[in-house]
Structure formats: structure tokens, C-alpha cells
Amino acid sequence: MLVLEPDKGILRKAGKKELYEAVYLLTMLIPIGKVTTYKSIAKILGIHPRTVGIVLKKNSKPIIVPCHRVISSNGSIGGYSWGGKNVKKKLLEIEGVRIIGEKVDPEYIIDIGEQLIS
DNA sequence: ATTTGCTCAGCTC
DNA sequence: GAGCTGAGCAAAT
């Protein structure tokens, strides 16, 4: 069980390595067929959404870390350095996420924080 | 729908 | 150390 304190910025103090591990871990917690947002992850870790994007782009293991399940907070796809957003969209559709035009159906967007309550 | 300002880790010089 | 580049966000236009 992972417990993090949102408003304390604990990972900022913990160092970059911890930061990377935490982002990857949270990303891997996203259930298949659902997506979450950069903002959601950032809020939990006490960092800025931009930083989450940086970490995922730097992602050394695109296979084991399903970074395609992380999208922008407005529902649009965001970016994907592993084949472009076309591929990202297709991956999501394969997993059962409905995509309307260039945006993900809000019905499929969850707050990753809810996944930590278990 | 588009523009503007804020943000910060990483890269280059 | 200074400056630019992004897988973002929110508010204003």
C-alpha cells in the first residue's frame, strides 16, 4: 500500500530517483481500460504536472510502464514519444477506452488517487 | 477555438 | 551559470 502526502512535497525532498520510481509506480497502477491525467499524478506526488510529463518522456521502459494511459487534464490525448499520438489512441481503443474525435470519453478518466484507497 | 503566462527538470552552450 | 525546450495547466480572449 502506497501512502503519499499531497501537500508536503515529500518527493521534492526525496530526490530525483524516488521521483522517477513514484511516477512509474503510479502509472502502472492505472487499470486497463481506464486512463488518468498528468495533473492527477502530479497532485498526489506534490510536484507540477510538467514534471510528470518530463519523467514519462524520459521513461526508459515504455513497455512495462503503460504511459499511454496518462493523458492531459482537458481530455485530449497529450503526447507520445513511442510512435506518436496515433499509436497512443489506438492502444487505448484496444484496451476498451472510447475516444471521441481527439478526446477521451470523460467516462473513462479516473483520479489515480482513488486507486490508492484500497 | 486560440493565445498568454506560469511552471520546472533536463539538455546545450 | 544562463538560456532554451518540452508528453501540461488555467485563465483570458
Side-chain angles (χ1 to χ4, degrees):
Chain A
M1 171 78 186
L2 177 65
V3 180
L4 297 171
E5 308 273 346
D7 296 323
K8 300 191 177 175
I10 59 176
L11 291 173
R12 220 182 269 261
K13 293 181 180 177
K16 300 168 194 169
K17 186 181 175 186
E18 318 290 341
L19 172 68
Y20 274 58
E21 284 181 9
V23 172
Y24 294 149
L25 182 58
L26 285 175
T27 304
M28 288 185 280
L29 284 180
I30 305 168
I32 296 175
K34 301 278 184 177
V35 297
T36 194
T37 65
Y38 295 101
K39 180 187 172 185
S40 178
I41 295 174
K43 186 175 182 180
I44 291 165
L45 297 182
I47 61 181
H48 282 256
R50 204 88 211 236
T51 309
V52 178
I54 292 170
V55 172
L56 289 182
K57 179 171 186 179
K58 282 285 160 193
N59 181 8
S60 49
K61 309 164 185 177
I63 307 296
I64 65 173
V65 180
C67 26
H68 60 277
R69 293 190 204 134
V70 186
I71 63 171
S72 301
S73 71
N74 65 348
S76 61
I77 294 297
Y80 200 49
S81 65
W82 196 57
K85 53 181 182 180
N86 268 353
V87 174
K88 185 169 179 178
K89 239 163 60 172
K90 203 160 187 175
L91 284 172
L92 291 176
E93 283 178 332
I94 289 172
E95 293 185 349
V97 177
R98 194 153 72 100
I99 297 178
I100 306 169
E102 291 297 317
K103 291 186 179 179
V104 175
D105 186 336
E107 179 76 17
Y108 293 88
I109 302 175
I110 64 171
D111 184 347
I112 190 62
E114 295 177 0
Q115 294 299 309
L116 299 178
I117 306 172
S118 58

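Each chain gets a letter, A, B and so on, in the order the sequences are listed, and its residues count up from 1.
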Review point. Between A:Lys39 and A:Val70, who's closer to the 5' end of DNA chain C by nearest nucleotide?
Key: A:Val70
Review point. Of A:Ser73 and A:Ile54, whose closest DNA chain C nucleotide lies nearer the 5' terminus?
Key: A:Ile54
Check your understanding: What does C:dA7 pair with, Watson-Crick or G-U, if both distances are under 3.5 Å?
Key -> none
Exercise for review: Please examine the side chains of A:Leu19 and A:Thr51, heavy atoms only from C-beta on, and report whether any two atoms are closer than 4.5 Å.
Suggested key: yes
Review point. Taking atom C1' of B:dC8 as reference, at what distance in whole Å does atom CG of A:Leu56 sit?
Key: 15 Å
Exercise for review: Verify the contact: side-chain N or O of A:Lys58 to OP1 or OP2 of B:dC11, cut-off strictly under 4.0 Å; return yes or no.
Suggested key: yes
**Study point:** Integer-rounded Å distance: B:dC8 P and A:Leu19 CG
**Key:** 13 Å
Practice item. Please round to the nearest 0.5 Å and tell me the distance separating atom CD1 of A:Ile77 and atom NZ of A:Lys88. Key: 6.5 Å
Review point. Side chain of A:Arg69, backbone of A:Ile30: donor and acceptor closer than 3.5 Å?
Key: yes
Review point. How many Å lie between NE2 on A:His48 and P on C:dG6, as a whole number?
Key: 21 Å
Check your understanding: Which base sits across from B:dT7 as a Watson-Crick or G-U pair, both distances under 3.5 Å?
Key -> none
Exercise for review: Grab the CD1-P distance between A:Ile47 and C:dC9 for me, whole Å please.
Suggested key: 12 Å
**Study point:** N/O (side chain, A:Ser72) to phosphate O (OP1/OP2, C:dC9) under 4.0 Å
**Key:** yes
Check your understanding: Between C:dC9 atom C1' and A:Leu45 atom CG, what is the distance in whole Å?
Key -> 17 Å
Practice item. List the atom of A:Ile112, the atom of A:Thr36, and the distance in Å for their closest heavy-atom pair. Key: N-OG1, 3.5 Å
Practice item. Measure the distance from CZ on A:Arg50 to C1' on B:dC11 and round it to the nearest whole Å. Key: 14 Å
Check your understanding: Counting side-chain heavy atoms from CB outward, which of B:dA9, C:dG8, C:dA7 is closest to A:Thr51?
Key -> B:dA9
Point to revise | A:Ile77 CD1 - C:dG8 P separation (whole Å) | key: 12 Å
Review point. Between atom CG in A:Asn74 and atom C1' in C:dG8, what is the gap in whole Å?
Key: 9 Å
Check your understanding: For C:dA10, does OP1 or OP2 lie under 4.0 Å from any side-chain N or O of A:Tyr38?
Key -> no
Check your understanding: Does A:Ser81 make a side-chain donor-acceptor contact with the base of C:dA7, cut-off 3.5 Å?
Key -> yes
Check your understanding: Can you tell me how far the OG1 atom of A:Thr27 sits from the OH atom of A:Tyr38, to the nearest 0.5 Å?
Key -> 9.0 Å
